[in-house]
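Computed from a predicted structure; not experimentally measured.
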Number of protein chains: 2
Amino acid sequence: MVRNEARRTALLDAAIDVLAQEGARGLTYRAIDAKAGVPAGTASNYFANRDELMPAVMTRVHERLMPSGESVAESLALPRDRSLTVKFMHDIIKRADADKACYLAMMELRLEATRRPEIREALTRTIAGNIEDNVAFNEESKLPGDRMTVVSLYFAMTGLIYERLTLPDVVATMDLDELVEVMVNRAIG
Amino acid sequence: MVRNEARRTALLDAAIDVLAQEGARGLTYRAIDAKAGVPAGTASNYFANRDELMPAVMTRVHERLMPSGESVAESLALPRDRSLTVKFMHDIIKRADADKACYLAMMELRLEATRRPEIREALTRTIAGNIEDNVAFNEESKLPGDRMTVVSLYFAMTGLIYERLTLPDVVATMDLDELVEVMVNRAIG
DNA sequence: AACATAGTACTACAGTTGTCGTGGTTGAAC
DNA sequence: GTTCAACCACGACAACTGTAGTACTATGTT
């Protein structure tokens, strides 16, 4: 198997775009090659078969969705109150808007996870770890709210982002700032 | 186009199962025929092409997800307090568990909606209407909480069900009863 | 210069899929 | 008992897809 990392990554990024634009149904070797602008047959030089491709895409999505770290540090200079939690939630929404393709690809992969145990295990680890990290972060940073605040906010944000990406017009009529503020305030209790 | 309603519905139900089990990628005429136990070619006698099939499936999903009405009436005999809202939330979760295929199919369709305007419009109407109905119902029934209670609970429940269906192990370690109770209590404020 | 290696381009092929057409069956109306 | 429309089974076919194989190119090593 060929191992030009730059090219391989470019192919995976192309696969993410294809997933977002065409869905799992459109994810073919030829579609990836076309999207990446490489000659037909290239993707199959990098991924032996479709079963090997999907987990690789999933790993790439995970990489791309990692928060920057420096923006977190920046935020932590602010006072640790409710308005900071609100800011964090808005940051998450902004990241989703900025990289829609990645989130949509993850949604395709999550559905794929219902029938592929390897993807399911990897995603479960990622997401469960993410929730635990958030709970620990919230506590260590002395941000307001308890464990349940973080968990219920996680679900609400998941639902909100899911809705915004798949059926934007449902949320379009709502005041996003007000919505996030109320959700945070009540989740904190 | 053929119009034997019973057979058509059976084919659509088969399509829902295929969507849930194999994903949008596996939704082929032959797969539908096989799942419905009818001779190959039958589905194509009922749906001229794939673009006509998808909205039909979506309509059928919508039909199947409608709540029974009598169970609602039954619940309304109970005292209109927080515990009733908790009960309603548990009913929703139960319905999702009882008809996983339908919910999974809807998730596939929601992703399909990002690239098919007809499905998107239909789903947007359905979901937005559903939220408004819930808001009105909550108010008319003098259930506790305001509009924001209903909206934020809607998102939290969407996220929770999404998580439970796609990555059940993430939620498995949580105490579902406690989670729903806290979510309701805080959403009410 | 000769060679080895990794990466790349391209092609072939068998299996699958969407779609269309065609002929057969059923059952009710007359 | 003929007619007719609706329904059904089946096959054909071109287009597309996954996969494997093969030959070409670039680069570095000896």
Rounded to whole Å, OH of A:Tyr46 lies from P of C:dA6 at a distance of 13 Å
Phosphate OP1/OP2 of C:dT16 contacted by B:Arg30 side-chain N/O (<4.0 Å):
no
NA contact type, A:Ser44, heavy-atom cut-off 4.0 Å: base, sugar-phosphate, or nothing?
base
Judged by modelled atom types alone, do B:Thr149 and B:Asp146 share a side-chain donor-acceptor pair under 3.5 Å?
yes
Between CD of B:Glu5 and P of D:dA6 the distance, given in whole Å, is 14 Å
Here the distance between atom P of D:dA6 and atom CZ of B:Arg8, to the nearest Å, is 16 Å
Can you tell me which nucleotide in D:dT19, C:dA9, D:dA9 comes closest to the side chain of A:Arg7?
C:dA9
Regarding A:Asp51 and A:Arg116, does a basic nitrogen lie under 4.0 Å from an acidic carboxylate oxygen?
yes
By nearest atom, which of the nucleotides D:dT19, C:dC10, D:dC10 is closest to the A:Tyr29 side chain?
D:dT19
Nearest whole Å is fine: how far is C:dG15 P from A:Asn49 CG?
18 Å
Taking for A:Arg25 and for A:Asn45 the nucleotide of DNA chain D with the nearest heavy atom, the one nearer the 5' end belongs to A:Arg25
Give one of base, sugar-phosphate or nothing for B:Leu53, where a contact means two heavy atoms less than 4.0 Å apart.
nothing
Is a side-chain donor-acceptor pair under 3.5 Å present for B:Ser152 with B:Arg186?
no
Take a 6.0 Å sphere around CD of B:Glu52 and say whether it holds more than 12 heavy atoms from other residues, nucleotides or ligands.
yes
Any idea how A:Tyr162 and B:Tyr162 line up, ring-wise: parallel (<30°), tilted (30 to 60°), or perpendicular (>60°)?
parallel
Send over the distance from B:Leu27 CG to C:dT17 P, rounded to a whole Å.
11 Å
When rounded to whole Å, the CZ to P distance for the pair A:Phe47 and D:dA20 reads 15 Å
Check the phosphate of D:dC16 against A:Thr28, side-chain N and O only, distance under 4.0 Å to OP1 or OP2. Yes or no?
no
Separation of A:Glu52 atom CD from D:dA20 atom C1', in whole Å?
14 Å
Less than 4.0 angstrom between a side-chain N/O of A:Arg50 and OP1 or OP2 of D:dG18, yes or no?
yes
Rounded to whole Å, the CD-C1' distance (B:Glu22 to C:dT16) equals 14 Å
Among D:dT19, D:dA9, C:dA9, which nucleotide sits nearest the side chain of B:Thr42?
D:dA9
So, is A:Asn4 close to the C:dT8 phosphate, meaning a side-chain N or O under 4.0 Å from OP1 or OP2?
yes
